[in-house]
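Counting convention: from 1, in listed order, for ligands and their atoms alike.
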Amino acid sequence: MSAASRLGIGHGPADILAQGHPQAHGHAHDHGPDHPHGHPHGHAHDPGHRHAHGAADAAPADGPWPAEVALRVRDLTIAWRGHPAVHHLNGRFARGQLTAVVGPNGAGKSTLLGALAGQHPGHEGHVERAADLRLAWLPQLSAIDRSFPVRVDELVAMGLWAEIGAFGRVSAAQRQRIAAALSAVGLAGFERRWLGELSVGQAQRVLFARLVVQDAGLILLDEPFSAIDARTRDDLLRLLGQWRDEGRTVIAVLHEMEPVRLHFDETLLLAREAIAWGPTAEVLTDAHLRRARHMAEAWDEQASTCTLPPAAGDAS
Ligand SMILES: Nc1ncnc2c1ncn2[C@@H]1O[C@H](COP(=O)(O)OP(=O)(O)OP(=O)(O)O)[C@@H](O)[C@H]1O
């Protein structure tokens, strides 16, 4: 496993910055394999199977990119081993807003976020991003190997990768930016500490400091508050509010509803497909949440039902 992936930054430092990635084209779009139109729901998708472009293929919407949109998805289906985890998703993520992605376990939230970050090349449909937005992606803390021997300032400096390159030196001005970012997350003076010495909450603060120096316009966070204490969560929520005030777009997968209701402008309630997507108060209604739970129970029932015929010679 590479150092970058042990530190939760994809295949290499470039991934956290997503520069030069096919999905960084903005109004230009990211093609997944063309969608086999008209297949029934529940059809097992084959991510490796590419169809030729047909007349009915969802061509990228031409015309000017809407100023209020950071990212949009069109007929997006993402499958693992042929089974769709996200199914026919259509919609847009508002620019300069905080959007939460919520839903039951297994709803496809992390899968979706990974695809938005360009980490799921086998999807079908389209993910399009505003051309001027640089992307930063923070995977789940559990995906990060905190025993990796790296000092706090070195980890934060990875957010400057686009500026300093693989072998560049961190300038005095950049050191100051790293110190300021650590101070912004409540870790002033932690530069020379080892990552492995930190608590879970402190480690998450360091990863947020890396996002601060990365200075991206579009920030994707996968369960940023799971397994951390309430105080750290509240501090980081304040930072999200500052990012919005600075015009940044944040999309975060979250489990707890209270911070979503209090802090997030928009919400996508996902249960493999969108149950509702829009202003948070309109999305998080009892009826919508019930429907999402109901969909999840249906998957569970399907999972526990054995559809294989009894083995030959089985007398029971
Ligand atoms: N790496 C993987 N390989 C195979 N299947 C996967 C993989 N990751 C996710 N899945 C499957 O995709 C579906 C959606 O998983 P995903 O992690 O996206 O859901 P989630 O909404 O983030 O769930 P949770 O709230 O439990 O974290 C699940 O059925 C899961 O088993």
For this session: Consider only side-chain N and O atoms of D235 and T232, and report whether a donor and an acceptor are under 3.5 Å apart.
Result: no
Exercise. What atoms in ligand 1 come closer than 4.0 Å to a heavy atom of A107?
Worked result: 19 (O), 20 (P), 21 (O)
Seminar exercise, completed: atom 27 (O) of ligand 1 sits nearest the protein heavy atom E223 OE2, 3.3 Å
For this session: Check ligand 1 against P104 and write out every atom of the ligand that is under 4.0 Å from a heavy-atom position of the residue.
Result: 21 (O)
For this session: Determine, counting only non-hydrogen atoms of the protein, whether one lies under 4.0 angstrom from atom 6 (C) of ligand 1.
Result: yes
Exercise. Hey, do the aromatic rings of H288 and W277 have their centres closer than 6.0 Å?
Worked result: no
Problem set entry | Polar contact flag for H255 and ligand 1 (N/O pairs, less than 3.5 Å) | yes
Problem set entry | Salt-bridge contact R72-E128 (side-chain N to carboxylate O under 4.0 Å) | yes
For this session: Give a yes or no on whether R192 atom CZ has more than 12 heavy-atom contacts from other residues, nucleotides or ligands under 6.0 Å away.
Result: yes
Seminar exercise, completed: for atom 17 (O) of ligand 1, nearest protein heavy atom and its distance come out as S110 CB, 3.9 Å
For this session: Report yes if Q140 has an N/O atom closer than 3.5 Å to an N/O atom of ligand 1; otherwise report no.
Result: no
Exercise. Which residue and non-hydrogen atom of the protein lie closest to atom 25 (O) of ligand 1, and at what distance in Å?
Worked result: K109 NZ, 2.7 Å
Exercise. Taking the six-membered ring for Trp, are the ring centroids of W243 and F208 within less than 6.0 Å of each other?
Worked result: yes
Seminar exercise, completed: min-distance protein heavy atom vs atom 24 (P) of ligand 1 -> N105 ND2, 3.6 Å
Exercise. Hey, is H120 touching ligand 1 through its side chain, its backbone, both or neither, going by heavy atoms under 4.0 Å?
Worked result: neither
For this session: Could you tell me the residue and atom name of the protein heavy atom closest to atom 13 (C) of ligand 1, and the distance to it rounded to 0.1 Å?
Result: A85 CB, 3.7 Å
For this session: Have a look at G106, G108, P84 and point out the one with the heavy atom closest to atom 23 (O) of ligand 1.
Result: G106
Exercise. Residues in side-chain hydrogen bond (donor to acceptor under 3.5 Å, both in side chains) with Q97, at least two apart?
Worked result: none
Exercise. With a 3.5 Å cut-off and no angle check, do the side chains of E273 and H88 form a donor-acceptor pair?
Worked result: no
For this session: Just need the protein heavy atom nearest to atom 11 (C) of ligand 1, so name the residue and atom and give the distance.
Result: W80 CD1, 3.5 Å
Problem set entry | R193 to F190 six-membered ring, cation-pi geometry met (6.0 Å, 45°) | yes
For this session: Look at ligand 1 and say whether G114 reaches it with a heavy atom at a distance under 4.0 Å.
Result: no
For this session: Answer yes or no: are there more than 12 heavy-atom neighbours, outside E246 itself, under 6.0 Å from its atom CD?
Result: yes
Exercise. In ligand 1, which numbered atoms sit nearer than 4.0 Å to a non-hydrogen atom of T111?
Worked result: 14 (C), 15 (O), 16 (P), 18 (O)
Problem set entry | Enumerated ligand 1 atoms positioned under 4.0 Å from heavy atoms of R272 | 29 (O)
For this session: Enter the distance from L89:CG to T77:OG1 here, rounded to the nearest 0.5 Å.
Result: 8.5 Å
